[in-house]
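One-based numbering, in listed order, for ligands and for the atoms of each.
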Amino acid sequence: MAGKLKIGVLASGRGSNLQAIIDAVEAGQVQAQLAVVISNKADAPALERARTHGAPALFLDPKPFAGRPDAREAYDRGVLDALRKHDVELVLLAGYMKIVTPVLIDAYRNRMMNIHPSLLPTFPGLEVQKKAIEWGVKISGCTVHFVTEGVDEGPIIIQAAVPVKDDDTPETLAARILIEEHRIFPRAVQLYAEGRLRVEGRRVVCTGASPAGGSLVVP
Ligand code: GAR
């Protein structure tokens, strides 16, 4: 495994995106090593998925910091320590339902990716599949972007689109989007591992040829 990109994943729940990364790593489609998975939830299934893969899985409890004015920063210092201890080079927010602070953002500038279930910059935040249906958009999708100080605002690496159907519920739309999430997140990691992502201001330029394909995935 020596020489492979070391990734650290922060996840709060189910961990299906983590699983997609694990599967891609195990299949040799992503040249990376899962160095550590960290969760702010003790019972996050993501932790079990990491253990099954044989990767270190850490629960870091935010409760001891509650009430402090710098609660988020203090928590992130603990996360940063753990990431550094495991020599993490690229951080993935995979269903991580906690706002990250400059403590992590500065340490991993252009080295931390988030997956979000909408076509950003539309519908940042939470419950976005419900918001997309209520707004009446005909196309939604998902976005992988680098993490900056603005929530869901960082430079966009890759997006995939799906149709929104008249009879969609937030759950059916979320399921359709999730299939694409599982495709584009590993792809973004592999592009990073290949050194093909260059950030130019707000834009991420992907160098080299993109593989041909008829689906609506960019790049
Ligand atoms: C995914 O749909 C991800 O895009 C979303 O949470 C879900 C996590 O699923 N993330 C956000 O909404 C972040 N704002 P998973 O735990 O099965 O990967």
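- For atom 14 (N) of ligand 1, the closest non-hydrogen atom on the protein side is His116 ND1, 3.7 Å.
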When you look at Glu181 and Arg183, which way does the salt bridge (charged side-chain N to carboxylate O under 4.0 Å, His left out) test go after all the steps? CA-CA 5 Å; Glu181 293 185 39; Arg183 222 148 60 93; over 6 Å; no
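- Between Gln129 and ligand 1, a contact under 3.5 Å exists for no N or O pair.
- Within the structure, the closest approach of Gln19 to ligand 1 does not fall below 4.0 Å when heavy atoms are considered.
- Among all non-hydrogen protein atoms, the one lying nearest atom 11 (C) of ligand 1 is Met97 CE, 3.5 Å.
- At a cut-off of 3.5 Å, with distance as the only test, no side-chain donor of Thr148 or Glu153 sits close to an acceptor on the other residue.
- Between Arg77 and Glu73 no salt bridge is recorded (no basic side-chain N to carboxylate O distance below 4.0 Å).
- Heavy-atom minimum distance, Ala35 versus Val88: CB-CG2, 4.0 Å.
- Looking at Gly13, Gly15, Ser12 and measuring to atom 16 (O) of ligand 1, the nearest heavy atom belongs to Gly15.
- Note: an N/O pair closer than 3.5 Å links Arg14 and ligand 1 by distance alone.
- Below 3.5 Å of separation, one finds an N or O of Glu181 facing an N or O of ligand 1.
- Salt-bridge formation is detected for the pair Asp106/Arg109: a Lys NZ or Arg NE/NH1/NH2 atom is positioned less than 4.0 Å from an Asp or Glu carboxylate oxygen.
- Between Glu180 and Gln159, the closest side-chain pair of non-hydrogen atoms is not below 4.5 Å.
- In this structure, of Ala46, Ser16, Ala175, the residue bringing a heavy atom nearest to atom 15 (P) of ligand 1 is Ser16.
- Annotation: atom 5 (C) of ligand 1 to nearest protein heavy atom, Pro117 CD, 3.9 Å.
- Protein heavy atom closest to atom 8 (C) of ligand 1, with residue, atom name and distance, is Gly95 CA, 3.6 Å.
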